[in-house]
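Working notes, beginning with the structure itself.
In what follows, chains are A, B, ... by sequence order, proteins preceding strands, each numbered from 1.
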Protein chains: 2
Amino acid sequence: MVTRTAGPDVDTTRVAVSTVIFSLRRDPADDRPAVVMPLVRRTRDPYEGLWALPGGWLDLSESLDTAASRTLGETTGLAPSFLEQLYAFGAVDRSPSRVVSIVYWALVRPDEAERAAAEENVAWFDTADLPCLAFDHREIVDYALWRLRSKVGYSRIAHGLLADEFTLAELREVYEAIYSRRLDPANFRRQVENSGTLIPTERFRTGSHRPARLYRYNREVELADRGPLTHSESSRS
Amino acid sequence: MVTRTAGPDVDTTRVAVSTVIFSLRRDPADDRPAVVMPLVRRTRDPYEGLWALPGGWLDLSESLDTAASRTLGETTGLAPSFLEQLYAFGAVDRSPSRVVSIVYWALVRPDEAERAAAEENVAWFDTADLPCLAFDHREIVDYALWRLRSKVGYSRIAHGLLADEFTLAELREVYEAIYSRRLDPANFRRQVENSGTLIPTERFRTGSHRPARLYRYNREVELADRGPLTHSESSRS
DNA sequence: GCAAAAGTGTTCTCTCTACACCCATGG
DNA sequence: CCATGGGTGTAGAGAGAACACTTTTGC
């Protein structure tokens, strides 16, 4: 048995809930957005001082989804625009005591990320340049990034990283940041226009050069196809 | 607090592992395969007498994957050709006591299903004609079916429902059973031939009409893209 | 020979891609 | 006027759907 200073019964499996949170931040150098995520510095024994995913223990009286929202808010103060279960991690040696972690992943808009950026013990990192992480959290983050890249290809979750109104160039930059690859502006425009998920507004983003039309997402279209789980188990209290 | 006759501490969350198992069985009437699954009749209090997914409690010293394999074997005697985590279900009211279920889904080949078909308290059901299920298992099955239909489109998991060698017609019937839709034999042949996942043999399936060439899967090609989870967390211990 | 499944060829449409080109604005 | 990003046009490659057609077997 492992020596620990505090915590409940060591002979039971405990259930934790953690969340991988993604947002975007513009690099001051090249002005292009990068995928960033908040991490929490551990203040207790296992892996003290290392960075870890925000999370906490599952309460007896809350569902997994509720626990994810709650611990996410408690540790980072963030309100996500998208939240979905990622995977359950339960290797025996992933923690000194036996812990099964139900991991979620979330998107937050840049304005929301900025609003809550001043939390204690929380710092934002570029996903391309992460520090050493506690537990198996590095592996978890890699899986979440893979899921983000897959899902952005067949759903409209990119929406969760943008404000209500945005230009096509801004939307394209989201995809470019996630794919780490430049996209043809002309072809991108047509693809997204033909998808039926965008509604053009009469407003324009002025600045340099020709003003760009602002678009917003069509709320009739589902954010992401989750199959039969759309709003049954997932949103149950 | 809920009245129960046996089991550990009621004030803790327990972790269960269940598996949705799919196989194929030919309908004697039209000779076309249908997607079937084994269910276990409950012999204890919550939902006694109803059918439920095979499963059991997570042991302290085994990983989630190991627990899924173990409980699947203990309850049904089956050895799956494919096993993957599906989702973690944790609504507060899904069971009289607090249970978080890590649900897996699996494929077994028809010959394996027939070999183990004589288990006690286990029966096979057509997924299109399921009985009333215990707990939230009906919801779980629906999600697993959705995942099966999605995944068969972008991976070669159909392999897990066939013997080592098979004709293109047999492979096509697998897809037709999962999609509940007829496919054009000519176009299906080309798609699967151009995918590079099949290796033609020199053997033929003789019977009625013109003999059909037997194929086998190219083991070089991954069964399903699982991203960074390919063989790290999943196969640990 | 005939029915039926195995297997091949052809055409049409649709999407993706590359890239040329015009438009509108700030400087 | 010119540089730059916004926005349109267009031609070619490739995938998929529909379907005509040939081949090979059992009966």
Mind calculating the distance between [atom1] ([X]) and [atom2] ([N]) to the nearest angstrom?
X	N	atom1	atom2	result
A:Glu193	D:dT8	CD	P	6 Å
B:Gln191	D:dA15	CD	C1'	8 Å
A:Asp31	D:dT4	CG	P	15 Å
B:Arg189	D:dA18	CZ	P	19 Å

Selection residues 197-208 of chain A - residue pairs positive for salt bridge (Lys or Arg N to Asp or Glu O under 4.0 Å), sequence neighbours left out: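 For residues 197-208 of chain A: A:Glu165-A:Arg203, A:Glu170-A:Arg205, A:Glu202-A:Arg213.
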Any pair counted as ring-ring contact (aromatic ring centres under 6.0 Å, His included), so long as it reaches residues 177-212 of chain B, sequence neighbours left out: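 Sorted pair list: B:Tyr175-B:Phe188.
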Applying side chain to side chain donor-acceptor pair (under 3.5 Å), can you list everything that pairs with [X], at least two apart in sequence or on another chain?
X	answer
B:Asp184	none
A:Thr75	none
A:Arg25	none
A:Ser101	A:Arg94

Residues that A:Phe125 engages under ring-ring contact (aromatic ring centres under 6.0 Å, His included), provided they are two or more places apart: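 By the ring-ring contact (aromatic ring centres under 6.0 Å, His included) rule, A:Phe125 matches A:Trp51.
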Set of residues satisfying ring-ring contact (aromatic ring centres under 6.0 Å, His included) with respect to B:Phe166, sequence neighbours excluded: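 Checked B:Phe166 against ring-ring contact (aromatic ring centres under 6.0 Å, His included); matches are B:Tyr217.
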Base versus backbone protein contacts along nucleotides 19-27 of chain D [heavy-atom cut-off under 4.0 Å; B, S, -]: B---BBBS-
Close residues, residues 165-182 of chain B, relative to DNA chain D [heavy-atom separation under 4.0 Å]: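 Those residues: none at all.
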Interface limits on DNA chain C, where chain B has a heavy atom under 4.0 Å of a nucleotide atom: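 Listed 5' to 3', the contact boundaries are C:dA4 to C:dT10.
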Ignoring hydrogens and angles, write down the donor-acceptor pairs under 3.5 Å from the side chains of residues 190-199 of chain B, residues two or more places apart or on other chains.
{"unit_1": "B:Arg190", "atom_1": "NH2", "unit_2": "B:Asn187", "atom_2": "OD1", "d": "3.1"}
{"unit_1": "B:Asn194", "atom_1": "ND2", "unit_2": "B:Arg190", "atom_2": "O", "d": "3.2"}
{"unit_1": "B:Ser195", "atom_1": "OG", "unit_2": "B:Val192", "atom_2": "O", "d": "2.8"}
{"unit_1": "B:Ser195", "atom_1": "OG", "unit_2": "B:Thr197", "atom_2": "N", "d": "3.4"}
{"unit_1": "B:Ser195", "atom_1": "OG", "unit_2": "B:Thr197", "atom_2": "OG1", "d": "2.9"}

No-hydrogen, no-angle side-chain donor-acceptor test under 3.5 Å, A:Thr66 and A:Ser69: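 The criterion, which ignores hydrogens and geometry beyond distance, is not satisfied for A:Ser69 and A:Thr66.
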